[in-house]
There are 2 protein chains.
Amino acid sequence: MEKTLHDTCEETCSGNELDLGKIKGNLISPSTALEVSDWFKALGDPTRVKIIHALLQSEMCVHDLTQVLEMGQSAVSHQLRLLRNVRMVKRRKVGKTVYYSVDDDHVEEIFGQTLQHVKHD
Amino acid sequence: MEKTLHDTCEETCSGNELDLGKIKGNLISPSTALEVSDWFKALGDPTRVKIIHALLQSEMCVHDLTQVLEMGQSAVSHQLRLLRNVRMVKRRKVGKTVYYSVDDDHVEEIFGQTLQHVKHD
DNA sequence: TACTAATATGAATATATGTTCATATGATAA
DNA sequence: TTATCATATGAACATATATTCATATTAGTA
């Protein structure tokens, strides 16, 4: 039998041409995939998880965050910038002090759910 | 005035010693922070977002995923292994074919919420 | 057996990322 | 102004990560 375009994985796999075509049609767009992954990526680092966890308890200035997390000021500041870029946190300046807080109800919701999920497993 | 241990950021920052001590006491543990970040990190890549999105529509074998996502078989396989390591997907073997599907109700919930969140902004 | 299909995996490479260091900026106080 | 505090930021470095390539494994088929 001659080879055709569709001679593999036809009987065993779920996808016949129609199914695959339908799924390809419903594919998430590359730009949306990137936005979603960027959002998750922001919580994909233990330092940022600690920062968000702390800020969910209370608004805090950079200095206090460095004390609480026992990290260098620069590292904290860099991570805060990243979190601000995806709008997970916002800042409020008072004099020379900058207060950061969580700026996204969705973050609190998802973060709490995931914390629970990870804990009882 | 002589310098003391706490002579900075006292009047302006929110954290007096008590507040900071309380927050430090409630800190997320390093291992939990790592678990949480690993979970989010799994969704922190556009390729894996596409894979999860596709698998949420239908169980699929590796071959079909490569067709749907127009990616190399090896790349897909590597990412599926990563997703399996954090138990976001599971596999089911039928002969030489391996079917993957989402193995975590929490993923569906969070993914859907986040997709909505990202979309109307 | 030999052959092919479906998937998995180790190594290599290029890119991304997190932290540190040094320094810059901005604000307040002396 | 000068000095200091709080924060931000660019560069450098080390580590992590995603993809590709080649090959291994496993299961079916001739």
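Chain A is the first sequence line, chain B the second, and so forth, proteins listed ahead of strands; every chain is numbered from 1.
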Under 4.0 Å, counting only non-hydrogen atoms across every strand here, what does [X] touch: a base, just sugar-phosphate, or nothing?
{"X": "Leu65(B)", "answer": "nothing"}
{"X": "Arg84(B)", "answer": "nothing"}
{"X": "Gln73(B)", "answer": "base"}

Shortest non-hydrogen pair, His53(A) vs Asn26(B), comes out as NE2-O, 3.1 Å

If I compare all heavy atoms of Leu65(B) with all of Ala54(B), which pair ends up nearest, and what's the gap?
CD2-CB, 4.1 Å

Stacking between His78(A) and dT9(D), defined as ring centres under 5.5 angstrom apart with planes under 30°, is that present or not?
yes

Figure out the [atom1]/[atom2] separation between [X] and [N], and round it to whole Å.
{"X": "Lys96(B)", "N": "dA6(C)", "atom1": "NZ", "atom2": "P", "value": "6 Å"}
{"X": "Arg48(A)", "N": "dA16(C)", "atom1": "CZ", "atom2": "C1'", "value": "12 Å"}
{"X": "Asp45(A)", "N": "dG18(C)", "atom1": "CG", "atom2": "P", "value": "5 Å"}
{"X": "Asn85(B)", "N": "dA18(D)", "atom1": "CG", "atom2": "C1'", "value": "15 Å"}
{"X": "Leu80(B)", "N": "dT19(D)", "atom1": "CG", "atom2": "P", "value": "12 Å"}
{"X": "Gln67(A)", "N": "dT7(D)", "atom1": "CD", "atom2": "C1'", "value": "14 Å"}
{"X": "Lys93(B)", "N": "dA6(C)", "atom1": "NZ", "atom2": "P", "value": "14 Å"}

Do side-chain atoms of Arg91(B) reach the backbone of Val98(B) as a donor and acceptor pair under 3.5 angstrom?
no

Distance below 4.0 Å between Thr47(B) side-chain N/O and dT19(D) OP1 or OP2
yes

Between Tyr100(B) and dA8(C), is there a contact of a side-chain N or O with OP1 or OP2 at under 4.0 Å?
yes

Can you tell me if CD on Gln57(A) sees more than 12 non-hydrogen neighbours from other groups inside 6.0 Å?
yes

Quick one: does Ser74(B) reach the base of dT9(C) with a side-chain donor-acceptor pair under 3.5 Å?
yes

On DNA chain C, nearest-nucleotide positions of Gly72(A) versus Val98(B): which is more 5'?
Val98(B)

